[in-house]
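Report on the following structure.
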Amino acid sequence: MHSLAEAGTATLDGTRWAINAALRQGDSNDDGRVDILDFAAFVAVRGTVVDASAASNFNADTSVTNADLAFISLHFFQVSETCGSLWSDPPLERVKVKDLRRAGLGHLAIGDLNGDGWVDQQDVVHYMQFGAPGPVVQDLERAVVTAPPG
Ligand SMILES: [Ca+2]
Ligand SMILES: [Ca+2]
């Protein structure tokens, strides 16, 4: 669901327990936090056609767009609630591109929109000002069109 878990008080309804919960979306990588990694995951798939349940497709339509970024923005730095214990790691504010690659997350390096070697809030600002590179397919089409004749 790519949502943050929410703790709540259950009520007894006959022989069943019931609970009302409004799950907060924006957790692309399902790690219980909405942070800079979720932004990078959004940038990595922005503009692509995906399934309704795909990561970063929070409004469950057919593509990843700025409407989905709104969910990350609204819940940025929020964490899942638990039943009595705390999450050990706080939301990540910034990450080095080198560390992403070392962790096997090199596909998220595209989130470094300003090319300074970090994925951080400066890249969020960059995205707000200039957008992001299009999907790889569009880049390939551009490359074919601009290739010298011969
Ligand atoms: Ca996350
Ligand atoms: Ca950057």
Side-chain angles (χ1 to χ4, degrees), residues 1-10 17-146:
M1 293 292 294
H2 311 291
S3 302
L4 297 177
E6 184 176 24
T9 304
W17 290 97
I19 189 168
N20 283 326
L23 299 178
R24 294 161 289 160
Q25 298 198 20
D27 186 10
S28 292
N29 59 0
D30 292 326
D31 66 353
R33 306 177 288 252
V34 179
D35 59 17
I36 201 67
L37 292 179
D38 301 303
F39 169 75
F42 162 78
V43 172
V45 296
R46 178 187 167 272
T48 58
V49 175
V50 294
D51 292 336
S53 61
S56 298
N57 185 17
F58 302 113
N59 63 358
D61 61 1
T62 58
S63 60
V64 178
T65 65
N66 286 346
D68 301 298
L69 179 61
F71 289 90
I72 297 173
S73 303
L74 276 174
H75 301 136
F76 207 66
F77 283 154
Q78 291 187 8
V79 298
S80 285
E81 297 174 355
T82 63
C83 299
S85 61
L86 296 173
W87 288 96
S88 57
D89 297 323
L92 197 59
E93 185 177 328
R94 62 195 314 233
V95 62
K96 279 184 183 175
V97 170
K98 277 185 183 177
D99 290 339
L100 283 174
R101 292 196 173 115
R102 284 189 197 119
L105 299 171
H107 64 287
L108 299 181
I110 193 173
D112 179 17
L113 296 172
N114 63 1
D116 67 353
W118 288 85
V119 179
D120 58 15
Q121 292 177 357
Q122 294 304 315
D123 299 300
V124 177
V125 171
H126 190 282
Y127 180 85
M128 295 300 181
Q129 290 178 323
F130 307 111
V136 172
V137 173
Q138 287 181 4
D139 288 346
L140 289 174
E141 288 172 352
R142 190 178 307 130
V144 168
V145 170
T146 57

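Heavy-atom basis, side chains included; hydrogens, waters and symmetry copies ignored. Ligands are counted one by one from 1 in listed order, and the atoms in each one are counted from 1 as well.
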Next on the checklist: Donor-acceptor pair, distance only, cut-off 3.5 Å: does the side chain of D123 make one with the backbone of N114?
Outcome noted: yes
Checklist entry - Within the distance-only criterion (no hydrogens, no angle test), does the side chain of Q78 pair as donor or acceptor with the backbone N or O of V34 below 3.5 angstrom? => result no
Next on the checklist: Using a 3.5 Å distance criterion without hydrogens, assess whether the side chain of D38 forms a donor-acceptor pair with backbone atoms of F42.
Outcome noted: no
Next on the checklist: Report the atom name of the nearest N/O/S atom of D116 relative to the Ca ion (ligand 2).
Outcome noted: OD1
Item to check | Contact check: W118 to the Ca ion (ligand 2), N/O/S below 3.0 Å | outcome: yes
Checklist outcome for this item: On a heavy-atom basis, the closest approach of D35 and L92 is OD2-N, 2.9 Å
Item to check | Around the Ca ion (ligand 1), number of protein N/O/S atoms which are nearer than 3.0 Å | outcome: 6
Checklist entry - Can you give the angle D112 OD1 - the Ca ion (ligand 2) - D123 OD1, rounded to 10°? => result 90°
Checklist outcome for this item: Closest non-hydrogen atoms of T65 and S63, given as atom of the first, atom of the second and distance, are CG2-OG, 3.5 Å
Checklist outcome for this item: Of all heavy-atom pairs linking D68 and F58, the shortest is OD1-N, 2.9 Å
Checklist entry - Okay, side chain of D27, backbone of D30: is any donor-acceptor separation there less than 3.5 Å? => result yes
Checklist entry - Of the backbone and side-chain N, O or S atoms of N114, does one lie nearer to the Ca ion (ligand 2) than 3.0 Å? => result yes
Checklist entry - Any donor-acceptor pair under 3.5 Å linking the side chain of D31 with the backbone of R33? => result yes
